[in-house]
Amino acid sequence: MNSLNSPSALPDTVERLAASVVGLVTRRHRSSGVLWRNGVVVGSASALWRSSSVSLVLPDGEQVQGEVRGVDGGTDLAAVAFSSGAMPVAERAAAAAPRAGDFVFAVGREPSGLTQASFGHVGSAGGEWRTWRGGRVDRLIRLDGGLYPGLDGAPVADASGQVLGIASSAFSRHHAVALPVATVDRVLDQLLAHGRVQQGYIGIAAQPVRATLDGAAVDGLLVSSVADDGPAARAGLLVADVIVKVGGEPVGSLEALRELLQVGAQVRVLVARGGRGHELSLEVAERPSGHCR
């Protein structure tokens with residue numbers, strides 16, 4: 001993020017947010033985090049990936065141990081639990097969407113305890129997107145440059161000090177992003193409950209296709225393989241079936257299918273088989289590591 005002349009009130013705004021910011025130190029990495037809920041810091045998954053515990057550098061310079069409760073590589077978010085005492089939880093911005101050109105700043109904490117701040121602007125902003133690791137992010141907030149060392153996991157705030165998201169450089173060599181509040185809340189709920197973000201799995205490989213269902217042209221997903229031990233196989237789904245609807249919702253893309261696969265849900269699946277409609281029921285499982293949908 002690029003530096004610029006700050007307004008006179010900005011040091012006080014940085015100091016206020018810094019009261020909720022910690023340094024995160026492992027054997028190999030240093031990064032930052034922010035107290036998101038009482039006793040729970042949000043940080044960068046890529047900095048904490050293989051660590052079960054981490055040293056937290058508090059605003060007063062004290063070091064304490066934290067427990068890594070979960071990491072999600074898809075969104076580069078991590079949850080760390082510790083006894084936060086009187087530390088204030090960071091204030092989050094309202095749902096208003098940031099725009100390209102908005103002033104923002106990130107606040108981190110160095111291993112020495114010093115506050116580190118970086119100032120810049122939103123480089124571009126947009127709607128929902130998927131990271132190259134498969135994580136769903138509710139809104140694009142791309143920053144106008146990279147992050148200084150140690151600022152991964154740091155809170156990114158607007159001019160009033162309200163947090164817009166969590167900084168990450170994991171998805172591009174050239175531009176960092178701020179993972180928005182809605183994404184952090186959704187992922188954090190799963191990390192605290194399961195230690196990971198659960199992803200639905202029915203055990204197929206498929207590709208978009210235009211098919212015929214009872215004489216009408218429809219968009220769907222052509223099933224190219226079915227895992228022997230997966231929910232789809234147990235429900236009777238066959239290679240060359242075309243999935244048209246799941247739970248009554250159309251699935252013309254793999255993205256649409258992914259959004260409809262909630263772990264543990266019992267869903268009705270409408271397929272075109274030989275041009276005619278066929279319905280079956282299956283229970284969505286949790287995706288094993290390395291498997292398709």
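Quantities reported herein were computed from a predicted structural model and do not represent experimental measurements.
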Distance-only side-chain donor-acceptor flag, [X] / [Y], under 3.5 Å:
| X | Y | result |
| --- | --- | --- |
| Thr115 | Glu15 | no |
| Ser168 | Asp76 | yes |
| Ser224 | Gln207 | no |

- Can you tell me how far OG1 of Thr75 sits from CG of Leu179, rounded to the nearest 0.5 angstrom? 6.5 Å

- Here the gap from Ile166 atom CD1 to Thr183 atom OG1, rounded to the nearest 0.5 Å, amounts to 11.0 Å

Identify the two heavy atoms, one from [X] and one from [Y], that lie closest to each other, and give their separation to 0.1 Å.
| X | Y | answer |
| --- | --- | --- |
| Met87 | Ala19 | CE-O, 3.6 Å |
| Leu147 | Ala176 | CG-CB, 3.5 Å |
| Leu17 | Ala157 | CD2-CB, 3.8 Å |
| Leu48 | Val71 | O-CG1, 4.4 Å |

- Task: Just jot down the salt bridge (Lys or Arg N to Asp or Glu O under 4.0 Å) partners of Asp241, sequence neighbours excluded, or say none.
- Result: Arg273

- Query: Partners of Glu279 by salt bridge (Lys or Arg N to Asp or Glu O under 4.0 Å), sequence neighbours excluded?
  - Reply: Arg268

- Item | Asp214 CG: over 12 foreign heavy atoms closer than 6.0 Å | yes

- Task: Check whether more than 12 heavy atoms from other residues, nucleotides or ligands sit under 6.0 Å from atom CD of Glu286, and answer yes or no.
- Result: yes

- Query: Side chains of Asp158 and Asp102: closer than 4.5 Å at any heavy-atom pair?
  - Reply: no

Taking [X] first and then [Y], would you say they form a salt bridge - that is, a charged N and a carboxylate O separated by under 4.0 Å?
| X | Y | result |
| --- | --- | --- |
| Arg136 | Glu128 | yes |
| Asp72 | Arg133 | no |
| Arg210 | Asp219 | yes |

- Query: Between the side chain of Ser44 and the main-chain N/O of Gly153, is any donor-acceptor distance below 3.5 Å?
  - Reply: no

Please tabulate, one pair per line, all N/O donor-acceptor pairs under 3.5 Å involving side-chain atoms of residues 27-38, not counting sequence neighbours.
{"from": "Ser32", "atom 1": "OG", "to": "Arg109", "atom 2": "N", "distance (Å)": "3.1"}
{"from": "Ser32", "atom 1": "OG", "to": "Gly150", "atom 2": "O", "distance (Å)": "2.7"}
{"from": "Trp36", "atom 1": "NE1", "to": "Asp185", "atom 2": "OD1", "distance (Å)": "2.8"}
{"from": "Arg37", "atom 1": "NH1", "to": "Asp189", "atom 2": "OD1", "distance (Å)": "3.1"}
{"from": "Arg37", "atom 1": "NH2", "to": "Asp189", "atom 2": "OD1", "distance (Å)": "2.8"}

